[in-house]
A.B. asks: 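Okay, handing you the structure first.
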Amino acid sequence: MLKSRAPSEPLSSASLRGRAIAALSRREYSRQELFTKLLPLASDQDQLDSVLSDLESEGLLSDQRCAESIGRVRGAKYGAARVRHELQQKGIEGGALESVVDQLRASETDRLQQVWNRKFGTPPSSADERMKQQRFLAQRGFSAEAIGQLFRGLRDKL
């Protein structure tokens, strides 16, 4: 499938609105993501800001909804720290960011256990194996406290 090139003339506000709605129909976007995506097509930043503000006031564009969506999807595989970083990269800040991260922290030990079970499933047989498993989980953004708690529980079972 060929990608269309950016038009030589800027799009009208109605066309920008249509493009924004089409993008939002596929997945949730943060305001910053949509701004970055559509800026090359707009005549100026003020035009695009106006279109995005209208979409926000109509409830079609929401950083909170975008953050919750990312938290649900990414939270199944990653820890709160990694999801926080991803949300910040998408321009989500403030209450939307904190509420999602707080929810993820509350369920982090359960999600960590699920990720560990899917990936490893059996307690490490050596110190090297334990360190490998711990590194994997840390790279996934799980807290050192939750990882330590998981491995203390595994050691107690042995």
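Everything numeric here is computed off the predicted structure, so don't read it as measured data.
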A.B. asks: For L112 and A146, work out which heavy atoms get closest and say how close.
C.D. replies: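 Between these two residues, the closest heavy atoms are CD2-O, 3.2 Å.
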A.B. asks: Let me check something: do M131 and F120 share a hydrophobic cluster, defined by ILVMFWY side-chain heavy atoms less than 4.5 Å apart, either directly or through other members?
C.D. replies: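 Different clusters: M131 never reaches F120 through Ile, Leu, Val, Met, Phe, Trp or Tyr contacts under 4.5 Å.
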A.B. asks: Would you please name every residue forming a salt bridge (charged side-chain N to carboxylate O under 4.0 Å, His left out) with R17, sequence neighbours left out?
C.D. replies: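 Expected list: E58.
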A.B. asks: Looking at A22, is its backbone amide N or carbonyl O close enough to the side chain of R26 to form a donor-acceptor pair, meaning the two atoms are under 3.5 Å apart?
C.D. replies: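 Such a contact is found between R26 side chain and A22 backbone.
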A.B. asks: L87 and Y29: same hydrophobic cluster, using ILVMFWY side-chain contacts below 4.5 Å?
C.D. replies: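 Not linked; separate clusters.
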A.B. asks: Please examine the side chains of V100 and I92, heavy atoms only from C-beta on, and report whether any two atoms are closer than 4.5 Å.
C.D. replies: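 Sidechains of V100 and I92: no contact.
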A.B. asks: Apply side-chain contact (heavy atoms from CB on, under 4.5 Å) to Q139 and list each qualifying residue two or more places apart in sequence or on a separate chain.
C.D. replies: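 Q139 satisfies side-chain contact (heavy atoms from CB on, under 4.5 Å) with no other residue.
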A.B. asks: If you measure from CD on Q149 to CG on L154, what distance do you get to the nearest 0.5 Å?
C.D. replies: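 The CG atom of L154 is 11.0 Å from CD of Q149, to the nearest 0.5 Å.
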A.B. asks: Taking all non-hydrogen atoms of both residues, which atom of T122 and which atom of W116 are closest, and how far apart?
C.D. replies: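 Shortest heavy-atom contact: O-CZ2, 3.3 Å.
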A.B. asks: Checking side-chain contact (heavy atoms from CB on, under 4.5 Å) for the pair L150/F142: CA distance, chi angles, key distance, verdict?
C.D. replies: CA-CA 11 Å; L150 171 76; F142 291 103; over 6 Å; no
A.B. asks: Locate the shortest heavy-atom distance separating A42 from P10; write the atom from each residue and the value.
C.D. replies: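 Minimum heavy-atom contact is C-CB, 3.8 Å.
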A.B. asks: Can you run down the salt bridge (Lys or Arg N to Asp or Glu O under 4.0 Å) pairs that involve residues 37-46, sequence neighbours left out, and say none if there aren't any?
C.D. replies: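 Checked against salt bridge (Lys or Arg N to Asp or Glu O under 4.0 Å) - neighbours excluded - no pair reaches residues 37-46.
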A.B. asks: When rounded to the nearest 0.5 angstrom, what is the spacing between CG in D54 and CG in L16?
C.D. replies: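 If we round to the nearest 0.5 Å, D54:CG and L16:CG are 11.5 Å apart.
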A.B. asks: Using salt bridge (charged side-chain N to carboxylate O under 4.0 Å, His left out) as the criterion, list what pairs up with E86, not counting sequence neighbours.
C.D. replies: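 Only R74 meet the salt bridge (charged side-chain N to carboxylate O under 4.0 Å, His left out) criterion with E86.
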A.B. asks: Hey, quick one: are L34 and I21 part of the same hydrophobic cluster, counting side-chain heavy atoms closer than 4.5 Å, chains of contacts allowed?
C.D. replies: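 Yes, because L34 and I21 connect within a single hydrophobic cluster, where side-chain heavy atoms sit under 4.5 Å apart.
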A.B. asks: Could you list the residues that satisfy side-chain contact (heavy atoms from CB on, under 4.5 Å) with R130, not counting sequence neighbours?
C.D. replies: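 R130 satisfies side-chain contact (heavy atoms from CB on, under 4.5 Å) with P124, A127, Q134, F151 only.
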A.B. asks: With sequence neighbours excluded, what pairs up with N117 under the side-chain hydrogen bond (donor to acceptor under 3.5 Å, both in side chains) test?
C.D. replies: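 Applying side-chain hydrogen bond (donor to acceptor under 3.5 Å, both in side chains) to N117 gives Q113.
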A.B. asks: Going only through I, L, V, M, F, W and Y residues with side-chain contacts under 4.5 Å, is there a path from V73 to L24?
C.D. replies: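 V73 does not cluster with L24.
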A.B. asks: With S50, which residues qualify under side-chain hydrogen bond (donor to acceptor under 3.5 Å, both in side chains), at least two apart?
C.D. replies: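 Partners of S50 under the side-chain hydrogen bond (donor to acceptor under 3.5 Å, both in side chains) test: none.
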A.B. asks: Tell me every residue that passes side-chain hydrogen bond (donor to acceptor under 3.5 Å, both in side chains) with S12, counting only those two or more places apart in sequence or in another chain.
C.D. replies: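 Expected list: S15.
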A.B. asks: Could you measure the distance from the CG atom of L52 to the CD atom of Q47? Nearest 0.5 Å is fine.
C.D. replies: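 Going from the CG atom of L52 to the CD atom of Q47 covers 10.0 Å.
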A.B. asks: Using atom types as modelled, flag every donor-acceptor pair under 3.5 Å from a side chain in residues 60-68 to any protein atom, sequence neighbours excluded.
C.D. replies:
{"unit_1": "S62", "atom_1": "OG", "unit_2": "Q64", "atom_2": "N", "d": "3.4"}
{"unit_1": "S62", "atom_1": "OG", "unit_2": "R65", "atom_2": "N", "d": "3.1"}
{"unit_1": "D63", "atom_1": "OD1", "unit_2": "R31", "atom_2": "N", "d": "2.8"}
{"unit_1": "Q64", "atom_1": "NE2", "unit_2": "E68", "atom_2": "OE2", "d": "2.9"}
{"unit_1": "Q64", "atom_1": "NE2", "unit_2": "S99", "atom_2": "OG", "d": "3.3"}
{"unit_1": "R65", "atom_1": "NE", "unit_2": "E28", "atom_2": "OE1", "d": "3.4"}
{"unit_1": "R65", "atom_1": "NE", "unit_2": "E28", "atom_2": "OE2", "d": "2.9"}
{"unit_1": "R65", "atom_1": "NH1", "unit_2": "G59", "atom_2": "O", "d": "3.1"}
{"unit_1": "R65", "atom_1": "NH2", "unit_2": "G59", "atom_2": "O", "d": "3.1"}
{"unit_1": "R65", "atom_1": "NH2", "unit_2": "L60", "atom_2": "O", "d": "3.0"}

A.B. asks: Under a 4.5 Å cut-off applied to non-hydrogen side-chain atoms, are L11 and L38 in contact?
C.D. replies: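 They are not in contact (no side-chain heavy atoms under 4.5 Å apart), so the answer is no.
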A.B. asks: A80: what forms a side-chain contact (heavy atoms from CB on, under 4.5 Å) with it, not counting sequence neighbours?
C.D. replies: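 A80 satisfies side-chain contact (heavy atoms from CB on, under 4.5 Å) with V101, L104, R105, E108 once adjacent residues are dropped.
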A.B. asks: What residues form a side-chain contact (heavy atoms from CB on, under 4.5 Å) with T36, not counting sequence neighbours?
C.D. replies: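 side-chain contact (heavy atoms from CB on, under 4.5 Å) check on T36 returns Q32.
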A.B. asks: Out of curiosity, does F35 fall in the hydrophobic cluster containing V51 (side-chain heavy atoms, cut-off under 4.5 Å, transitive links)?
C.D. replies: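 Yes; F35 is reachable from V51 via cluster members.
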A.B. asks: Could you check if a side-chain atom of Q89 sits within less than 4.5 angstrom of a side-chain atom of E33, using non-hydrogen atoms only?
C.D. replies: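 Contact flag for Q89/E33 side chains = no.
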A.B. asks: Using the side-chain hydrogen bond (donor to acceptor under 3.5 Å, both in side chains) criterion, which residues pair with R82? Sequence neighbours excluded.
C.D. replies: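 R82 satisfies side-chain hydrogen bond (donor to acceptor under 3.5 Å, both in side chains) with no residue once adjacent residues are dropped.
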A.B. asks: Do S30 side-chain atoms and K90 backbone N/O form a donor-acceptor pair below 3.5 Å?
C.D. replies: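 Answer holds: yes.
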A.B. asks: Count the heavy atoms belonging to other residues, nucleotides or ligands that lie under 6.0 Å from CD of E93, then report whether that count exceeds 12.
C.D. replies: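 For E93, atom CD is not crowded (no more than 12 foreign heavy atoms under 6.0 Å).
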